[in-house]
Amino acid sequence: MGRDQDESRAVIVGAGAAGRMVAEEMRLRPEHGYRVVGFLDDDPGKQGREISDIPVLGSISDLCEIIKVQSISEIVIAMPSASGRSIREVVKLCEEAGTSFKIVPGVWEIILGDVTINQLREVRPEDLLGRETVSLDQEEMIGYLAGKRVLVTGAGGSIGSELARQVAAFSPGHVLLMGRGENSIYAIDQEIGQYYPYVKRSAIISSISDAHAVENVFRTYRPQIVFHAAAHKHVHLMQAYPDEAIKNNVIGTRILVDAAVRYGAERLVMLSTDKAVRPRGAMGASKRLAESILVERAAHGCDTKLMAVRFGNVLASRGSVVPLFRQQIRLGGPVTVTHPDVTRYFMTIREAALLVLEAGLAGHGGEVFVLDMGEPIRIADLAAHLIRLSGLEPGKDIAIEFCGLRPGEKLHEELWYSDETLSRTSHDKVMVVQSPAAGLVTDLEKRVARLEKLARVCDRDQILGELADIFPDMETGTKHDKGNTGS
């Protein structure tokens, strides 16, 4: 059989730098069996022209027709700086055409001029977000973290462990890995020991809601920088157990803040959530109260710079929808989604961790930062994409079932209140809320003290009632357990 018959006829979607690199690679490496038939690009100035002696056959919307006319067997998506919506539209067209497709790596590889055929890979869930690579100022970060004693709470979790990895890369004096789950703390402790053997580290099995244990940690290690990632995060579980949301997310934060201030920590950065905006459930309410504790404590004056960083869901983190959907697909379905129209904001674990570091560096104390999450994603569309990326067809091979919103869940999340205004920081993906003290919880200390008493005796109905008195949008229901659902 001749080489022409062995070759895969390929179209490259995107005639920019990435597309040209891929085309050149395919020309120089014929042994890989690709023949580039043409480009597709939405830039009118490129259509009808030849780029690197390869014709631009039309716009991206022409993809299905071009596949038929040109007998295309392979599509290469070369749009590293495109929005998530654009990537999802191209993927949908490829799926509808039933043609094999791959994607080039991210922007950083393009900048380095290091795109090869071997790097072409299957589309991953994070590609559907279209998030640009986050880069940090290395010198600034070294000045910020090098030689410092850094405490990470919740260090065994998805974001906490990634924060620990990123911190370790900047040669801290001592990394303190604190969490309740011994297995997860053991795992991240071993990982950092393997990859950063020169970094001093300590694994600490403890809860932030244990005031004596937290006191001991600060007295023993004197952390200078604290990244507070420990939190209960599952909305429906915290709605059923609001006492645990109060003890961990609210009281634990207060204990940690008090210890940081008392022992002279330079700064404390708390990870918050979009669910803290107009909270509908106990989890979001508890995080809004935690934000209020930081802002109010900073407003009363202290040497420790206290700040919160608010963002949405983290793609592929433990307990998030992507691992759940993948498991459901492996089991043959159904994939369960709460509501056909439910949307959520997403970012990758690594991006979230890097931007938290950036926000912590930018803060002067008392700020609530908001990360630029891009456009919200419809969860039903995400489920359908994951099914198709598994080589199956939604509705035919794998059913998508809608189970209804559970108590405490919202159809659409928000990243800031309507009466809050945002301003940019030195990093284009990190914004800061102007006047964060405006609209905070009134009589905060009394409210928190009452909630703490109710939590100690597990009076869940009273806790929900108290939260509803503070937050007008709160639900007080706890039942309606639909099992494993993604929202």
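Numbers here are sequence positions counted from 1.
Summarising the local packing, OH of Tyr186 is surrounded by 12 or fewer heavy atoms from other residues, nucleotides or ligands at distances under 6.0 Å. Shown here is Tyr345, whose OH atom has more than 12 heavy atoms of other residues, nucleotides or ligands within 6.0 Å. The environment of CD in Glu96 is crowded: more than 12 heavy-atom neighbours from other residues, nucleotides or ligands sit within 6.0 Å. Within a 6.0 Å radius of CD in Glu393, other residues, nucleotides and ligands contribute more than 12 heavy atoms.
To the nearest 0.5 angstrom, Asp189 atom CG is 7.5 Å from Ile192 atom CD1. For the atom pair NE2 (His232) and CE (Met238), the distance works out to 5.0 Å, reported to the nearest 0.5 Å. The line from NE2 of His339 to CG of Leu411 is 5.0 Å long, rounded to the nearest 0.5 Å. We find the CG-OG1 distance between Asn313 and Thr273 to be 7.0 Å, quoted to the nearest 0.5 Å. Between Glu291 atom CD and Asn249 atom CG the span is 11.5 Å, to the nearest 0.5 Å. With rounding to the nearest 0.5 Å, the separation of CD1 in Ile293 from NZ in Lys287 is 10.5 Å.
Considering every non-hydrogen atom in both Ala359 and Val309, the closest pair reads CB-CG2, 3.7 Å. Between Gln224 and Gly147, the closest heavy-atom pair is OE1-O, 4.2 Å. Nearest heavy atoms, Ala164 versus Ile188: CB-CG1, 4.2 Å. When all heavy atoms of Met474 and Ala285 are compared, the pair lying nearest together is SD-CB, 4.1 Å. Heavy atoms only, all atoms of each residue included: Ala276 and Tyr417 are closest at O-OH, 3.3 Å.
Ion pairing between a basic and an acidic side chain is recognised when a charged N comes within 4.0 Å of a carboxylate O; Glu244 and Lys247 show such pairing. Using a cut-off of 4.0 Å between Lys/Arg side-chain N and Asp/Glu carboxylate O, Lys92 and Glu89 are scored as not salt-bridged. The existence of a salt bridge linking Glu466 and Lys453 is excluded, since no basic side-chain nitrogen approaches an acidic carboxylate oxygen closer than 4.0 Å. Salt-bridge check for Arg456 with Glu452: passed, with a basic side-chain N closer than 4.0 Å to an acidic carboxylate O. We find that Arg447 and Asp469 are joined by a salt bridge, their nearest charged nitrogen and carboxylate oxygen being less than 4.0 Å apart.
For the side-chain contact (heavy atoms from CB on, under 4.5 Å) criterion with Phe227, the lone passing option out of Ile159, Val269, Thr153 is Val269.
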* His212 and Glu215: side chain to side chain contact (heavy atoms under 4.5 Å, CB included), yes or no, with the steps? -> CA-CA 5 Å; His212 295 294; Glu215 177 80 13; 5.6 Å; no
* From CA spacing to verdict: side chain to side chain contact (heavy atoms under 4.5 Å, CB included), Ile387, Asp397 -> CA-CA 9 Å; Ile387 292 170; Asp397 302 311; 5.8 Å; no
* To do: Apply side chain to side chain contact (heavy atoms under 4.5 Å, CB included) to Val175 and Tyr196, showing your working.
  => CA-CA 11 Å; Val175 177; Tyr196 304 98; over 6 Å; no
* To do: Begin from the C-alpha positions of Asp428 and Asp372 and carry the test side chain to side chain contact (heavy atoms under 4.5 Å, CB included) through to its verdict.
  => CA-CA 8 Å; Asp428 61 357; Asp372 183 350; over 6 Å; no
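A heavy-atom distance below 4.5 Å is found between the side chains of Leu289 and Leu451. Put simply, the side chain of Leu454 does not reach to within 4.5 Å of the side chain of Ile246, judged on heavy atoms.
Take Ser206 and apply the side-chain hydrogen bond (donor to acceptor under 3.5 Å, both in side chains) test, not counting sequence neighbours, and it matches no residue.
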